[in-house]
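Just below is one structure, and these are the notes that go with it.
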Amino acid sequence: MERTLILVKPDGVQRGLMGEIIGRFERRGLKLIGMKFLQMTKALAEEHYAVHKGRPFYDALVEYITSGPIVAMVWEGNDAIAAARSTIGATKPSEAAPGSIRGEFGMEIGRNLVHGSDSPENGLLEAAIYFSEEELVSWSRATDSWIIE
Ligand code: IDP
Ligand code: MG
């Protein structure tokens, strides 16, 4: 089972798209095991986006991600990373597949609505930035046998 950290970024919250975005992952069949509503501090943003430090868009990215509340979630599933990334769509919304979250709701890379971890290792590392192991819920879903073979 992989875990992915998903964020509804501040634009998703401000535009009233929280339910829409969360529903995409829920309907896909990923299983929610943790969820928080919070506003990122600069320190948290710098930890989350450490790999991008020094890139030309870094300061604007930290400004954007700390500009309002976000929803942080951990979703679990076989191949959860790839499944979530395809549901999210390409980084640049103008190039994101129609039907993906970014392809349906976004216009610009600096306002791309949602974050999803890019590898199983980063899924675990990023989940640990936001959630302690005790905050993650292990549960059996009534529909599991209809979603997982
Ligand atoms: P991802 O979110 O699809 O994994 P990354 O390359 O990891 O994309 O970049 C992290 C975030 O940084 C993007 O989601 C976007 O918000 C922002 N970002 C990336 N590249 C640019 C850029 O060229 N200009 C402005 N913002 C960018
Ligand atoms: Mg990324």
Side-chain angles (χ1 to χ4, degrees), residues 1-138 147-148:
M1 278 287 169
E2 289 178 4
R3 287 178 179 179
T4 180
L5 178 86
I6 301 292
L7 305 177
V8 180
K9 294 178 174 181
D11 47 339
V13 173
Q14 294 287 353
R15 291 174 59 192
L17 293 171
M18 277 186 288
E20 173 66 47
I21 290 170
I22 294 165
R24 300 292 184 104
F25 299 101
E26 189 179 36
R27 292 198 296 273
R28 184 88 195 249
L30 288 155
K31 189 193 280 186
L32 184 70
I33 59 166
M35 182 183 246
K36 278 181 190 177
F37 185 67
L38 70 147
Q39 184 153 357
M40 269 200 202
T41 60
K42 191 159 183 276
L44 184 60
E46 286 175 347
E47 186 178 1
H48 178 99
Y49 282 126
V51 295
H52 295 300
K53 197 169 171 70
R55 308 274 289 274
F57 58 84
Y58 178 77
D59 289 346
L61 175 58
V62 170
E63 181 74 23
Y64 161 50
I65 206 71
T66 59
S67 65
I70 61 161
V71 184
M73 297 165 280
V74 180
W75 292 83
E76 196 175 68
N78 293 323
D79 242 351
I81 298 288
R85 297 234 0 147
S86 68
T87 288
I88 291 167
T91 305
K92 203 173 169 186
S94 56
E95 293 170 2
S100 65
I101 295 166
R102 288 167 173 168
E104 202 153 326
F105 301 109
M107 290 294 286
E108 294 193 5
I109 197 165
R111 296 287 183 272
N112 64 2
L113 295 145
V114 52
H115 168 84
S117 306
D118 63 5
S119 69
E121 301 71 47
N122 284 339
L124 295 177
L125 288 171
E126 291 177 357
I129 296 176
Y130 296 82
F131 298 89
S132 67
E133 204 50 47
E134 299 74 59
E135 289 174 315
L136 297 175
V137 181
S138 172
I147 295 168
I148 304 158

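We're numbering straight along the sequence, starting at 1. We count ligands from 1, going down the list as the structure has it; atoms in each ligand are counted the same way.
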Between Lys9 and Ile65, does a side chain to side chain contact (heavy atoms under 4.5 Å, CB included) hold up when you go through it step by step? CA-CA 6 Å; Lys9 294 178 174 181; Ile65 206 71; 3.6 Å; yes
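- Summary of contacts: the protein heavy atom closest to atom 23 (O) of ligand 1 is Phe57 CD2, 3.7 Å.
- Counting protein heavy atoms only, atom 17 (C) of ligand 1 is closest to Leu61 CD1, 3.7 Å.
- Counting only heavy atoms of the protein, atom 2 (O) of ligand 1 lies nearest to Arg102 NH2, 3.1 Å.
- Annotation: Arg85 places an N or O atom under 3.5 Å from an N or O atom of ligand 1; distance criterion only.
- Closest to atom 3 (O) of ligand 1 among all protein heavy atoms lies Thr91 OG1, 2.5 Å.
- Counting the atoms of ligand 1 from 1 in the order shown, those under 4.0 Å from a heavy atom of Tyr49 are 10 (C).
- You'll find the side chain of Leu5 reaches within 4.5 Å of the side chain of His48, heavy atoms only.
- At least one N or O atom of Lys9, backbone or side chain, sits closer than 3.5 Å to an N or O atom of ligand 1.
- When each atom of ligand 1 is checked for a heavy atom of His52 under 4.0 Å away, the hits are 5 (P), 6 (O), 7 (O), 9 (O), 10 (C).
- Contact atoms of ligand 1 toward Asn112: 13 (C), 14 (O), 15 (C), 16 (O) (distance under 4.0 Å to a heavy atom of the residue).
- Considering only heavy atoms from C-beta on, Leu136 stays 4.5 Å or farther from Glu76 through its side chain.
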Please test Ile101 against Glu20 for side chain to side chain contact (heavy atoms under 4.5 Å, CB included), starting from the C-alpha separation and ending with a verdict. CA-CA 9 Å; Ile101 295 166; Glu20 173 66 47; over 6 Å; no
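- Counted by atom type alone, Arg24 and Thr87 present zero donor-acceptor pairs between their side chains at under 3.5 Å.
- Under 4.0 Å from ligand 1, heavy atoms of Ile109 appear from its side chain as well as its backbone.
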Does the pair Met40 and Tyr130 meet the rule for a side chain to side chain contact (heavy atoms under 4.5 Å, CB included), with working shown? CA-CA 10 Å; Met40 269 200 202; Tyr130 296 82; 2.9 Å; yes
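- Heavy atoms of other residues, nucleotides or ligands lying less than 6.0 angstrom from NZ of Lys36 number more than 12.
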